[in-house]
Amino acid sequence: MKCGRENFPPLKVCRSCGSRHMESIALPDRGILDSYTVLMVTASEFNGSAPIIIGLVRLENGLKVIGQVKGIRLEEIKEGMQMQLQVKQTEKNTKGVSYEFMPTSSS
Amino acid sequence: MRVYAVSAGMVPVGKHPELDIDELMVRSSIEALDKVQELRPDRIIVGNMFSGVSSHQEHLGALLASSLGYSGIPAYKVEASCGSGGVSIHNAYIAIKSGESDAVLVTGVEKMTDLSIPQVTSALVMADSNRYTASVGATFISLNAITHRLYTKRYGVEREDMASFPVISHRNAIHSPHAMFHKEIKKEDVISSPIVSDPIRLLDSSPVCDGAASIMLVSENRLSKLPTQPVEIIASEVAVNLFSIYEREDPLIYDATRVAFRKAMQKSDLDIDKIDFIELHDAFSVTAALSLESMGVSEKGRAPADASNGRFELHGEMPINTFGGLKARGHPVGATGVYQAAEAYLQLTDAAGKNQVNDARIGVIHNMGGVDTTTAVHIMRRVN
């Protein structure tokens, strides 16, 4: 990594400087809920799990991640909430990780 | 080399359990071909998103050519999710522009209604990242719903104004022979329809449907002696954005739309006030708003109010979706861009019937795959 630009998802080529020398960094585990949706109709892989909250969270380093928001009642969710990122093992994609968020106790 | 559209064919959008994917595309293709019987296509391009999932059928280019009785010519499928139709036309345009082809049949096709709603939902989200969005449970609608919420919050947009887009599309579809819906709706109907992915409601969303549309494009070499009226394609631009909304600095800027539209306008040497109508990719109400704003047709945050004030009505200042758009004509995803071109062809040859835009000379067609991940913009001009 030459220019220091961080990116999500992980890339093999830097979008800023074109460098191929990329290193892996851990995602910050906290961020702010920029937007969300409560979805009532799921894909067949998630049959039976609606309603699901899908959130767009801006992490502390500015990167954005999409994940399910758990541990909160539907009527309590709102933009601007502090969120904690949890990287979960899953069988629903080939790389075996999925992103979930929980509201932090302070929010 | 100049490029012209010389005929079009459309299967009415809807549920077609009686037609398989091959029969659908053959039907619209024959309709377009029969209007110009003197022409034999030297290339066939099929736009389609997920025939492998819906019909266990790929290799649509060769299949269509074979069904129409053609061999020995290039024939292939082009895929760019919901933008497959527009990108197919772009491929035909560059084939003619380069001098390699003189007559190209472009057919867009999609068969969605054989699938259950969860299966369609699963197929549509293939337009976005399997690894980072579909795998967490996000659906294609949910990604648009996230932008809808961001948008209305940032600009203080009224829910009633957002509901204007489906109202306009439904009104324009009433006399549209190939539209799926022929029913006027009110803003209150949109706002009280069931939630699909909050804040997107059922009537903010384009429907699941089947369809096929075709358009025949030729070079200037083949223009003489044709029985139909030509329409010139004066610009064809495709651009991609960063793949998914979470990767973009501002998810409310449709950068692919912005760039493709700007380049198309520059190449045509046109200003926005010269455009007579836009066939817009209104997959959802928010998609219509952000597309118009990213083109610069409306100021940021203003497109819904412009819609509410009548600016985009059939006889308004800038008509959109003159045959019902994705919302009411229907959105058979991979076919949509070709329906739009066929509709623009009708407008620019005075064949739009009750939907005719007065003195239409310049039409823009705007077709996107994903959440503005790939966008194709074409500009079509009446030939006198």
Side-chain angles (χ1 to χ4, degrees), chain A residues 5-11 15-16 27 31 33-59 62-70 74-75 77-80 85-101, chain B residues 50 53 115-154 193-202 204-205 208 241-252 284 286 371:
Chain A
R5 159 101 176 240
E6 296 174 350
N7 203 85
F8 181 79
L11 297 172
R15 282 175 183 160
S16 291
L27 287 172
L33 185 67
D34 267 359
S35 185
Y36 68 93
T37 181
V38 180
L39 74 89
M40 311 305 288
V41 178
T42 65
S44 39
E45 294 79 1
F46 289 82
N47 269 348
S49 47
I52 295 175
I53 306 173
I54 301 291
L56 174 69
V57 173
R58 189 161 29 93
L59 300 173
L63 296 178
K64 297 189 280 291
V65 175
I66 283 181
Q68 272 195 47
V69 181
K70 297 202 167 164
L74 296 182
E75 56 276 18
I77 184 108
K78 63 175 207 266
E79 300 100 315
L85 171 67
Q86 296 183 320
V87 181
K88 294 260 180 164
Q89 297 301 306
T90 176
E91 289 170 3
K92 286 191 168 133
N93 71 28
T94 52
K95 296 290 177 178
V97 292
S98 183
Y99 302 91
E100 277 183 21
F101 296 98
Chain B
F50 55 66
V53 173
L115 299 175
S116 68
I117 293 299
Q119 286 171 328
V120 169
T121 305
S122 179
L124 289 172
V125 76
M126 295 194 299
D128 207 83
S129 167
N130 179 48
R131 187 163 159 193
Y132 295 107
T133 55
S135 67
V136 306
T139 61
F140 187 62
I141 297 186
S142 75
L143 300 173
N144 288 281
I146 283 169
T147 63
H148 184 137
R149 187 181 301 280
L150 269 179
Y151 175 67
T152 50
K153 189 173 168 72
R154 185 185 299 173
S193 64
I195 292 172
V196 184
S197 187
D198 170 48
I200 293 183
R201 290 174 180 265
L202 186 63
D204 286 305
S205 316
V208 172
N241 200 334
L242 291 181
F243 198 68
S244 193
I245 57 167
Y246 64 88
E247 301 177 69
R248 303 174 190 168
E249 195 165 314
D250 184 355
L252 298 186
F284 304 100
V286 65
V371 188

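A, B, ... follow the sequence lines: proteins, then strands. Residue 1 opens every chain.
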Taking the side chain from A:Thr37 and the backbone from B:Ile146, do they hold a donor-acceptor pair closer than 3.5 Å? no
Within the structure provided, determine whether B:Leu143 and A:Ile66 are in side-chain contact (heavy-atom separation under 4.5 Å). yes
For the candidates B:Arg248, B:His148, B:Gln119, B:Arg149, which exhibits the highest count of non-hydrogen atom pairs separated by less than 4.5 Å from chain A? B:Arg149
With a 6.0 Å cut-off (strictly less than), is the heavy-atom count around CD of A:Glu75, excluding the residue itself, greater than 12? yes
Using heavy-atom distances under 4.5 Å, tell me whether B:Ile141 contacts chain A through its side chain, its backbone, both, or neither. neither
So what's closer than 4.5 Å to chain A heavy atoms on B:Pro194: side chain, backbone, both or neither? neither
Engaged part of A:Arg58 at the chain B interface, taking heavy atoms whose separation is under 4.5 Å: neither
Heavy-atom distances under 4.5 Å only: say whether B:Ile200 touches chain A with side chain, backbone, both or neither. neither
With respect to chain A, which residue among B:Gly137, B:Ser116, B:Pro251, B:Ala145 yields the maximal number of heavy-atom pairs within a distance under 4.5 Å? B:Gly137
Got a second to check how far B:Lys153's NZ is from A:Glu79's CD, nearest 0.5 Å? 4.5 Å
Grab the two heavy atoms, one from B:Ser197 and one from A:Leu39, that are nearest each other, plus how far apart they are. OG-CB, 3.3 Å
Output the distance between atom CD (A:Glu45) and atom OG1 (B:Thr121), rounded to the nearest 0.5 Å. 9.5 Å
Between B:Ile195 and A:Met40 the two heavy atoms that sit nearest each other are O-CG, 3.5 Å
Mind telling me whether B:Tyr132 and A:Phe8 have parallel, tilted or perpendicular rings, with 30° and 60° as the class edges? perpendicular
Looking at B:Leu150 and A:Asp34, what are the two nearest heavy atoms and their distance? CD2-O, 3.6 Å
Determine the minimum heavy-atom distance between A:Lys64 and B:Glu249, stating which atoms define it. NZ-O, 3.4 Å
Between B:Val196 and chain A, with a heavy-atom cut-off of 4.5 Å, which part of the residue counts as in contact: side chain, backbone, both or neither? both
Donor-acceptor contacts under 3.5 Å from residues 46-56 of chain A side chains, at least two apart:
residue: A:Ser49; atom: OG; partner: A:Phe46; partner atom: O; Å: 2.4

Closest approach of B:Ser135 to A:Ser98 (non-hydrogen atoms, all atoms of both residues): O-OG, 3.9 Å
A:Ser35 OG to B:Ile245 CD1 distance, which is reported to the nearest 0.5 Å: 7.5 Å
Here the pair of heavy atoms bringing B:Val136 nearest to A:Gly67 is CG2-CA, 3.9 Å
Please enumerate all residues that pass ring pair (Phe, Tyr, Trp, His ring centres under 6.0 Å) together with A:Tyr36, with sequence neighbours excluded. none
